[in-house]
Amino acid sequence: MKAEATSVGASINQALVKGTCPVCGILKDFQRTLVETTRPQPDLRLCNFHGWAMARSRGKLSRSTPGETVTNVFLEMLKKPLAGKVSSDGCSLCHRVLEEELARLRELAQKLQATMFARWMKTQGTLCLDHAEKVKEFVPLRLRTTVDEVVERNRAELQEELETFREHLRHGIHEGGGLLGRAAEFLVGQRGL
Ligand SMILES: [Zn+2]
Ligand SMILES: [Zn+2]
C-alpha cells in the first residue's frame, strides 16, 4: 500500500509538463498499458473503444507472440455466454481507468495543498476543463479559486496562441499544429479518455 502511494506520487510529478494536463497524461499511458497487458479473465467486458483498442494492440508488452494474448482474450470472450456490446458503464477497462482517474485526482488535490505546488500550477501548470472541474470536488474551497485561476490562464493563453496561429495560417505558415491538439485536450480531455 505504501509502495503504491510512492509510485503514484512520482507519476504526477513526472507528468507535470507545461502545456498538457497531468491527469490526462497519466491516464493516457495507463490506458495504453492496460490495453496491452489485459489477460484472458472471467467476466471481461469491453466497450466499443476498448474492444478496438485491444484489437489494435497485439499485446505489445507481453512476452508471447504478438497478438497471442489478445487472441486468447477474444477466444475466452467467445466461449463464454456472450455479453453483447456494453457501454463504458459495463466495460472492465473503463472501470480500471475510472479508478486510476480517481486516485490521481486525489493525489493532485493533495499536492495542491502545498503552497509551492499550488503556485507552480497557477503560473505554469495546465489542466483540462474536465479534470479541473473534477479536482475541485477534492480540494477545500479556497483551492477551488486556484483551480479556476489555472483554467482561466490556460484559456487565455490558448486563445491568444490560436489567434496568432490563425494569423500565420492566413499568411500561408502552417507550423504549430500541435497547438490544435492542446486546444482539443483543454476542451474535451485527451483523445480516447
Ligand atoms: Zn485532463
Ligand atoms: Zn471501455
Side-chain angles (χ1 to χ4, degrees), residues 8 11-59 69-70 73-74 76-77 80 82-112 117-118 120-122 124-139 143-144 146-158 178-193:
V8 165
S11 292
I12 272 273
N13 282 341
Q14 286 158 6
L16 287 175
V17 182
K18 205 174 179 312
T20 64
C21 169
V23 183
C24 276
I26 288 171
L27 290 183
K28 196 180 166 193
D29 285 348
F30 178 80
Q31 180 154 258
R32 189 169 43 227
T33 308
L34 191 64
V35 164
E36 289 172 0
T37 56
T38 293
R39 296 280 177 274
Q41 53 196 279
D43 302 326
L44 184 74
R45 301 273 182 268
L46 297 175
C47 69
N48 177 287
F49 175 80
H50 283 124
W52 281 101
M54 290 282 295
R56 280 193 310 262
S57 82
R58 297 178 157 262
T69 311
V70 182
V73 170
F74 284 161
E76 178 139 342
M77 289 178 80
K80 285 180 316 200
L82 295 169
K85 184 178 167 184
V86 298
S87 66
S88 52
D89 288 348
C91 169
S92 316
L93 301 198
C94 280
H95 270 244
R96 296 281 308 278
V97 173
L98 219 57
E99 278 170 17
E100 179 71 8
E101 184 180 40
L102 273 181
R104 301 309 183 158
L105 286 168
R106 286 205 181 93
E107 184 198 349
L108 179 62
Q110 189 67 40
K111 290 182 87 61
L112 279 167
F117 183 83
W120 189 88
M121 281 303 289
K122 239 156 92 168
Q124 300 185 63
T126 304
L127 287 173
C128 72
L129 280 176
D130 183 44
H131 289 131
E133 273 313 301
K134 286 175 177 167
V135 82
K136 276 158 77 175
E137 291 170 31
F138 296 94
V139 294
L143 285 177
R144 290 185 197 168
T146 305
V147 173
D148 286 339
E149 284 169 7
V150 175
V151 168
E152 177 48 31
R153 182 180 47 75
N154 291 166
R155 190 200 61 74
E157 281 175 3
L158 275 172
L179 173 61
L180 296 177
R182 283 198 284 124
E185 185 192 84
F186 177 72
L187 291 167
V188 300
Q190 186 49 248
R191 188 206 311 247
L193 291 181

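Residue numbers run from 1 in the order of the sequence given. Every heavy atom of this structure was used, including side-chain atoms; hydrogens, water molecules and symmetry mates were not. Atoms within a ligand are numbered from 1 in the order they appear, just like the ligands themselves.
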Donor-acceptor check, side chain of E185 to backbone of T20, threshold 3.5 angstrom: yes or no?
no

Examine all N, O or S atoms of C91, backbone included, and report whether one is under 2.8 Å from the Zn ion (ligand 2).
yes

Side chains of L27 and Q190: does their closest heavy-atom pair fall under 4.5 Å?
no

Between F49 and Q31, is any pair of side-chain heavy atoms under 4.5 Å apart?
yes

The protein N, O or S atoms lying under 2.8 Å from the Zn ion (ligand 1) are C21 SG, C24 SG, C128 SG, H131 ND1

Does R96 have more than 12 heavy atoms from other residues, nucleotides or ligands lying within 6.0 Å of its CZ?
no

Among the N, O or S atoms of H50, the one nearest the Zn ion (ligand 2):
ND1

For R45, is there any backbone N or O sitting under 3.5 Å from a side-chain donor or acceptor partner on S92?
yes

Could you check whether atom CH2 of W120 has more than 12 heavy atoms from other residues, nucleotides or ligands sitting under 6.0 Å from it?
yes

In the structure I gave you, are the side-chain heavy atoms of L44 and E76 within less than 4.5 Å of one another anywhere?
no

